[in-house]
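Chain letters run A, B, ... following the sequence lines, proteins first and then strands; every chain starts at 1. Worth knowing before you read on, the calculation uses all heavy atoms, side chains too, and leaves out hydrogens, waters and symmetry mates.
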2 protein chains.
Amino acid sequence: MLSYTEENYLKALLKLSFQNEDRPEAGTNEMAAYLGVKPATATDMLKKLKEKDLVTYKKYGKILLTDIGRKNGIAILRKHRLWETFLYEKLDFSWDEVHEVAEQLEHIQSAKLVDKLEEFLNFPEFDPHGDPIPKANGDMPAIAKTLLAELNAGQNCKVAAVKDTSTLFLRYLEKLKITIGTKIKVLEVIAFDGSLNIQIENEEPRSVSMKFAESLFINQLP
Amino acid sequence: MLSYTEENYLKALLKLSFQNEDRPEAGTNEMAAYLGVKPATATDMLKKLKEKDLVTYKKYGKILLTDIGRKNGIAILRKHRLWETFLYEKLDFSWDEVHEVAEQLEHIQSAKLVDKLEEFLNFPEFDPHGDPIPKANGDMPAIAKTLLAELNAGQNCKVAAVKDTSTLFLRYLEKLKITIGTKIKVLEVIAFDGSLNIQIENEEPRSVSMKFAESLFINQLP
DNA sequence: TAATAAAGTTAGATTAACCTAACAAATATA
DNA sequence: TATATTTGTTAGGTTAATCTAACTTTATTA
Ligand SMILES: [Mn+2]
Ligand SMILES: [Mn+2]
Ligand SMILES: [Mn+2]
Ligand SMILES: [Mn+2]
């Protein structure tokens with residue numbers, strides 16, 4: 001059985017591996033920063049995880065999940081996202097509130113609980129931020145990876161997921177009435193600063209910054 | 001903020017205080033046994049809880065919750081019982097499965113979560129074992145304290161709560177189709193061994209042992 | 001009441017997860 | 001390529017929660 005902390009390291013490594021898709025390994029400092037601990041602490045834990053065959057690790061080398069480490073990491077991620085969905089759908093939490101509580105709930109140990117929860121939620125595919133929820137067998141729907149910023153004038157899309165999950169951004173999205181699934185049309189791309197004029201559903205056109213457009217994953221529409 | 005372990009000590013002390021109503025204090029060994037640790041461990045923790053003003057404690061003396069300790073204990077108990085209710089009502093857990101998972105869930109820190117959960121469950125008064133669920137302000141419905149064993153031949157009652165929450169007992173109750181709210185009529189009390197002949201709802205009469213009758217709390221019916 | 005038993009404490013270790021400070025290796029850059 | 005910078009490790013400590021073994025206090029009982 002894994003400790004709370006060990007689980008967090010595995011999940012962190014998994015998420016870092018999603019971030020650099022072509023280079024799924026991470027460094028000690030990178031992990032330490034991600035987890036909010038000092039590098040010395042991470043080194044200790046990585047040695048321990050290596051002993052348990054959850055990561056491959058060599059002195060001064062990069063860190064990679066083993067198959068079993070990955071399996072465990074995905075199980076935590078699954079729980080995290082199912083709980084976020086529960087909080088959002090059933091308990092009326094807003095999407096900027098769910099993460100913090102799910103960070104605790106993801107460590108509850110009960111196979112039955114996860115599976116029953118998934119059933120109760122009707123086997124959701126995506127969490128409130130649009131991130132895919134792994135199935136019990138580890139399968140996971142593909143992650144959207146096109147950014148709004150990559151579109152050209154005239155193109156249509158649907159919001160698939162948020163890249164930035166900060167409260168500041170999520171609150172701003174709410175203000176703009178943007179949520180997962182919202183349709184957006186790009187009216188104009190301003191070459192000067194990369195900002196966009198967009199139409200959100202049938203609202204009045206408005207301008208958003210390049211930073212904004214680089215924080216939203218979308219699925220293109222024909 | 002209290003640690004997982006500190007919370008468990010407070011809840012334990014609270015429950016022990018319910019058990020001996022006229023003598024709401026506990027001893028070191030009693031607490032240690034309840035929590036499954038050695039007395040030396042409990043002594044250390046009690047000193048720490050005393051420092052934090054959560055219990056009154058003097059060397060070789062009995063232990064009592066302070067007002068603030070009690071308030072905290074009740075908050076944990078509230079979470080425990082709300083989660084048990086959630087698991088039972090929404091996720092189809094059986095009543096002998098809920099406790100173990102609730103033991104973990106009760107330590108999740110989020111005031112909003114508890115209150116939203118309570119609302120989602122429609123402000124339940126009792127958990128799946130018939131135990132009262134404290135309100136957000138600390139109020140708690142009265143605990144049933146009459147045992148089935150205290151009734152005489154001819155008297156009617158409704159099952160209010162289980163005193164013994166062991167899997168063995170709960171499974172046996174299920175087999176007998178007894179749950180919280182089930183009506184029972186005492187047909188005969190056997191003086192020899194304290195066993196009872198009872199009628200469960202409209203089933204065929206049957207005999208139960210004294211041990212059985214001392215494990216069920218009931219509310220008497222006219 | 002004196003001896004025995006039960007209840008509770010203390011001292012000293014252990015383990016997990018963290019830290020700082022000093023050092024070593026690998027990488028980037030002048 | 002030599003030096004500086006970045007990255008990562010080691011040694012030695014701390015804190016929370018646990019333990020065992022030895023000891024002390026309180027309660028029971030002969
Ligand atoms: Mn999250
Ligand atoms: Mn976590
Ligand atoms: Mn319980
Ligand atoms: Mn607990």
Side-chain angles (χ1 to χ4, degrees), chain A residues 1-13 16-17 19-20 23-65 69 72-73 76 103-104 106-109, chain B residues 1-13 16-17 19-20 23-65 69 72-73 76 103-104 106-109:
Chain A
M1 256 248 303
L2 301 177
S3 73
Y4 190 105
T5 308
E6 288 168 332
E7 290 191 342
N8 279 341
Y9 275 77
L10 295 182
K11 195 183 65 159
L13 195 42
L16 289 171
S17 84
Q19 262 167 48
N20 328 318
R23 190 179 50 78
E25 79 272 340
T28 302
N29 289 2
E30 199 181 357
M31 291 217 61
Y34 189 91
L35 290 160
V37 298
K38 299 292 160 181
T41 306
T43 299
D44 284 351
M45 180 56 81
L46 290 169
K47 284 182 191 163
K48 195 170 137 204
L49 292 175
K50 192 214 156 152
E51 270 330 290
K52 294 195 175 187
D53 252 308
L54 296 162
V55 304
T56 62
Y57 165 75
K58 250 185 246 147
K59 252 203 213 182
Y60 297 103
K62 292 294 172 188
I63 306 126
L64 211 58
L65 283 168
N72 276 279
I76 319 291
E103 206 54 49
Q104 300 177 59
E106 71 190 4
H107 301 288
I108 303 291
Q109 310 276 180
Chain B
M1 256 248 303
L2 300 177
S3 74
Y4 190 105
T5 309
E6 288 169 333
E7 290 191 343
N8 280 341
Y9 276 78
L10 295 182
K11 195 184 66 160
L13 195 41
L16 289 172
S17 83
Q19 262 167 49
N20 328 318
R23 192 178 50 79
E25 79 272 339
T28 302
N29 289 1
E30 198 182 359
M31 291 216 61
Y34 189 90
L35 289 160
V37 297
K38 299 292 161 180
T41 307
T43 298
D44 283 352
M45 181 55 82
L46 290 169
K47 284 182 191 164
K48 195 170 138 203
L49 293 175
K50 193 214 154 153
E51 269 332 288
K52 295 194 175 187
D53 250 311
L54 296 161
V55 305
T56 61
Y57 164 75
K58 252 186 243 146
K59 252 203 212 183
Y60 298 103
K62 291 294 173 189
I63 307 126
L64 210 59
L65 285 168
N72 277 279
I76 319 290
E103 206 54 49
Q104 299 176 60
E106 71 189 3
H107 301 288
I108 303 291
Q109 309 277 175

Asker: Hey, does the side chain of A:Thr43 reach the backbone of A:Pro39 with a donor-acceptor pair shorter than 3.5 angstrom?
Answerer: yes
Asker: Under 4.0 angstrom, heavy atoms only, what part of the nucleic acid is B:Thr43 near: base, sugar-phosphate, or nothing?
Answerer: base
Asker: Return the value, rounded to whole Å, for the distance between atom NZ of A:Lys58 and atom C1' of D:dT7.
Answerer: 18 Å
Asker: How long is the line joining NZ of A:Lys62 and P of C:dA26, in whole Å?
Answerer: 12 Å
Asker: Which one, D:dT10, D:dT18, C:dT10, comes nearest to the side chain of A:Lys47?
Answerer: D:dT10
Asker: With B:Asn8, which residues qualify under side-chain hydrogen bond (donor to acceptor under 3.5 Å, both in side chains), at least two apart?
Answerer: B:His107
Asker: Can you tell me the distance, in whole Å, between the OH atom of B:Tyr57 and the C1' atom of C:dA7?
Answerer: 11 Å
Asker: In whole Å, what is the span from the CG atom of A:Leu35 to the P atom of C:dC18?
Answerer: 8 Å
Asker: Between C:dG8 atom C1' and B:Met31 atom CE, what is the distance in whole Å?
Answerer: 14 Å
Asker: Which protein N or O atoms sit under 3.5 Å from an N or O of nucleotides 19-23 of chain D?
Answerer:
from: D:dC19; atom 1: OP2; to: B:Lys38; atom 2: N; distance (Å): 3.0
from: D:dC19; atom 1: OP2; to: B:Thr41; atom 2: OG1; distance (Å): 2.5

Asker: Check every atom of C:dC18, D:dT18, C:dT10 against the side chain of B:Thr5 and return the nucleotide holding the closest atom.
Answerer: D:dT18
Asker: What integer distance in Å separates B:Leu46:CG from D:dA16:P?
Answerer: 16 Å
Asker: Expressed in angstrom and rounded to an integer, what is the separation of B:Leu2 atom CG from D:dA16 atom P?
Answerer: 13 Å
